[in-house]
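These notes are about the structure you will find just below.
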Amino acid sequence: MSEDDNNMEEYPTEIHDYLTAFEKSLGSVDEMLKTMMSVSRSELLQKLDPLEQAKLDLVSVYTLNSMFWVYLATQGINPKEHPVKQELERIRTYMNKVKEIADKKKASKLDKGAASRFVKNALWEPNAENEHTSKTPAKGKKRQ
């Protein structure tokens, strides 16, 4: 009997795919953390503008709290009844505020001069030439 067969007997087979995906995800998180830890925080922050710095800090703290949420769940503790839930909600509100700021920054600015010229030229102004022309629309061909 192989080692995989022994492991398969320790938990229900229905969750094998979920556990495999979870293990891959943990590996990805581990790689990301190693990459982030390889560069000093001060170096990283010097390369970013203040808005990007805030995004980085929020994503970092959200990830850390999310990992703690998973840890609590694996220990049989209900994370919904733990203070980590309120912390995640607090971080989410700050993430939404930063997103609003970023969206405002991306929003197009109105060129008032161009808009007023556009409106002025788009409005119809009667003049002597238009008064002499016929106001009846041209008749289209009738269908047979």
Side-chain angles (χ1 to χ4, degrees), residues 3-4 7-144:
E3 187 179 328
D4 288 337
N7 289 340
M8 291 295 287
E9 293 175 11
E10 293 178 14
Y11 58 86
T13 57
E14 303 88 42
I15 64 170
H16 179 72
D17 292 337
Y18 294 115
L19 291 174
T20 304
F22 181 68
E23 185 177 24
K24 282 183 181 180
S25 297
L26 282 178
S28 297
V29 168
D30 187 39
E31 288 177 29
M32 281 293 203
L33 285 174
K34 285 178 182 175
T35 303
M36 285 187 69
M37 300 304 272
S38 67
V39 179
S40 74
R41 181 168 166 72
S42 60
E43 277 182 49
L44 187 61
L45 291 178
Q46 286 176 354
K47 297 176 184 176
L48 301 174
D49 66 347
L51 189 62
E52 294 298 320
Q53 290 177 9
K55 286 180 182 180
L56 177 67
D57 287 341
L58 287 169
V59 167
S60 299
V61 73
Y62 190 82
T63 302
L64 183 64
N65 280 285
S66 296
M67 291 174 67
F68 187 66
W69 175 286
V70 172
Y71 170 76
L72 289 174
T74 61
Q75 298 302 308
I77 300 170
N78 185 359
K80 292 179 182 176
E81 297 172 359
H82 193 274
V84 73
K85 181 179 183 206
Q86 288 82 21
E87 183 65 14
L88 284 169
E89 289 172 1
R90 186 180 73 86
I91 296 166
R92 251 188 238 125
T93 59
Y94 286 113
M95 291 174 101
N96 288 335
K97 287 180 182 181
V98 168
K99 185 179 182 313
E100 286 176 18
I101 292 169
D103 290 345
K104 284 181 184 178
K105 206 175 187 182
K106 290 179 185 176
S108 60
K109 305 285 188 240
L110 177 65
D111 183 357
K112 292 180 183 177
S116 64
R117 288 189 303 273
F118 178 76
V119 171
K120 181 180 176 184
N121 291 327
L123 294 176
W124 178 75
E125 291 183 21
N127 56 27
E129 185 180 309
N130 287 340
E131 290 175 3
H132 296 295
T133 60
S134 171
K135 300 217 180 205
T136 58
K139 293 185 181 182
K141 294 181 181 178
K142 292 184 180 178
R143 290 188 183 179
Q144 294 180 358

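Sequence positions, counted from 1, serve as the residue numbers for this chain.
- A distance of 6.0 Å separates CD of Q86 from CD of E89, quoted to the nearest 0.5 Å.
- Atom OG1 in T20 sits 10.0 Å away from atom CD1 in I15 (nearest 0.5 Å).
- Here D49 does not pair with K55 in a salt bridge; the nearest charged N to carboxylate O distance is not below 4.0 Å.
- Side-chain contact check for F68 versus E87: every heavy-atom pair is 4.5 Å or farther apart.
- Nearest approach of K80 to K85, heavy atoms of both residues: O-CD, 3.4 Å.
- Using a 4.0 Å cut-off between a side-chain N of Lys or Arg and a carboxylate O of Asp or Glu, K34 and E31 do not qualify as a salt bridge.
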### Message
Pair L45, L56 - check side-chain contact (heavy atoms from CB on, under 4.5 Å), show working.
### Response
CA-CA 9 Å; L45 291 178; L56 177 67; 4.0 Å; yes
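- Remark: L72 CG to T74 OG1 distance equals 7.5 Å, nearest 0.5 Å.
- Judged purely by atom type and a 3.5 angstrom limit, D30 has no side-chain atom pairing as donor or acceptor with the backbone of L26.
- Distance check, rounded to the nearest 0.5 Å: CZ of R90 to CG of N65 gives 8.5 Å.
- Between the CD atom in Q53 and the CG atom in L48 there is a gap of 6.0 Å [rounded to 0.5 Å].
- Counting heavy atoms of neighbouring residues, nucleotides and ligands inside a 6.0 Å radius, atom CD of E23 does not exceed 12 of them.
- Side-chain contact check for R41 versus D57: some heavy-atom pair is nearer than 4.5 Å.
- The line from CG of L88 to CG of L64 is 9.5 Å long, rounded to the nearest 0.5 Å.
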